[in-house]
Amino acid sequence: MSRYWLFKTEPGSYSIDDLKKDGRTHWDGIRNYQARNLLRDEVSKGDKILVYHSSTDPVGVVGIAEVVREAYPDPSAQDPSSKYYDQKASDTDPRWFMVDIAFRERFDLVPLSELKETKGLEDMVVTKRSRLSVQPVTREEFEIVTKLGKRD
DNA sequence: GCCAACGTTGGC
DNA sequence: GCCAACGTTGGC
């Protein structure tokens with residue numbers, strides 16, 4: 001049974017349009033333990049992802065992606081030239097993981113302000129703990145947001 | 001650019 | 001193991 005997630009990205013560094021162009025990508029650079037644990041232990045092939053643009057104006061959900069490869073070590077942690085370099089990462093203890101995701105859909109941005117006002121989304125993690133970069137979404141939440149994104 | 005909320009570090 | 005200090009995130 002597939003599950004649902006919300007992945008945040010700053011469109012200035014990697015946007016849904018970059019993902020659309022690339023088709024698929026390595027979701028690297030996750031450096032938060034709670035997000036890492038979800039990526040490593042919970043995120044599974046076939047799961048659906050709401051792609052969220054943060055640190056932009058307006059912020060919100062812009063499309064859908066799908067997990068196409070489950071967690072494996074994030075090589076940027078061992079690359080001294082990467083901004084995600086972590087001295088404590090090693091081959092025996094990679095510390096940080098990433099998954100591969102594929103583009104599925106781009107839709108009109110559903111702003112955070114609207115998510116906060118929409119019935120059924122009161123408990124959505126993004127409205128409460130916006131700093132968590134990989135977060136679980138319920139099936140109901142996923143469907144409500146998708147419907148909002150595909151209106152008109 | 002501000003600043004509140006949150007996560008991490010490190011001295012004790 | 002506590003917690004103050006510090007650094008980062010991210011909405012506004």
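These values consider heavy atoms only, across backbone and side chains, with no hydrogens, waters or symmetry-generated copies. Throughout, protein chains are lettered first and strands after them, A, B, ... in sequence-line order, and every chain is numbered starting at 1.
Residue Leu115(A) contributes atom CG, which lies 11 Å from atom P of dC12(C) at whole-angstrom precision. Note: NZ (Lys128(A)) to P (dC6(B)) measures 12 Å, nearest angstrom. dC3(B) atom C1' lies 12 Å from atom CZ of Arg131(A), rounded to whole Å. The CD atom of Glu10(A) sits 8 Å away from the C1' atom of dT9(C) (whole-angstrom rounding). Between the NE2 atom of His53(A) and the P atom of dC12(C) there is a distance of 17 Å, rounded to whole Å. Note: CZ (Arg129(A)) to P (dA4(B)) measures 20 Å, nearest angstrom. Taking atom CD of Glu117(A) as the reference point, atom P of dG11(C) lies 16 Å away to the nearest angstrom. When the P atom of dT9(C) is taken as reference, atom CD of Gln34(A) falls 16 Å away, rounded to whole Å.
Side-chain N/O atoms of Arg31(A) include none lying less than 4.0 angstrom from OP1 or OP2 on dT8(C). In terms of phosphate contacts, Tyr52(A) brings a side-chain nitrogen or oxygen within less than 4.0 Å of OP1 or OP2 of dG11(C). The phosphate of dC12(C) (OP1 or OP2) has a side-chain N or O of Lys116(A) nearer than 4.0 angstrom.
Comment: Asp108(A) does not engage Arg151(A) in a salt bridge, judged by the lack of any side-chain N to carboxylate O separation of less than 4.0 angstrom. Look at Arg106(A) and Asp17(A) and you find a salt bridge, because one of the NZ, NE, NH1 or NH2 atoms lies within 4.0 Å of a carboxylate O, short of that distance.
Here the CG-CG distance, from Leu115(A) to Leu148(A), works out to 7.5 Å after rounding to the nearest 0.5 Å. Note that CD of Gln135(A) is 7.0 Å distant from CE of Met124(A), once rounded to the nearest 0.5 Å.
Taking the side chain of Tyr33(A) as heavy atoms from C-beta on, and the options dG11(C), dC6(B), dT8(B), the nearest nucleotide is dT8(B).
Residue Met98(A) is tested with Ser76(A), Pro73(A), Pro75(A) for a side-chain contact (heavy atoms from CB on, under 4.5 Å); the sole match is Pro75(A). A side-chain contact (heavy atoms from CB on, under 4.5 Å) with Ser133(A) holds for exactly one of Thr9(A), Ile30(A), Leu38(A); it is Ile30(A).
Contacts with DNA chain C (heavy atom under 4.0 Å) in residues 77-92 of chain A: none are found.
No side-chain N or O of Tyr14(A) forms a donor-acceptor pair with one of His53(A) less than 3.5 Å apart.
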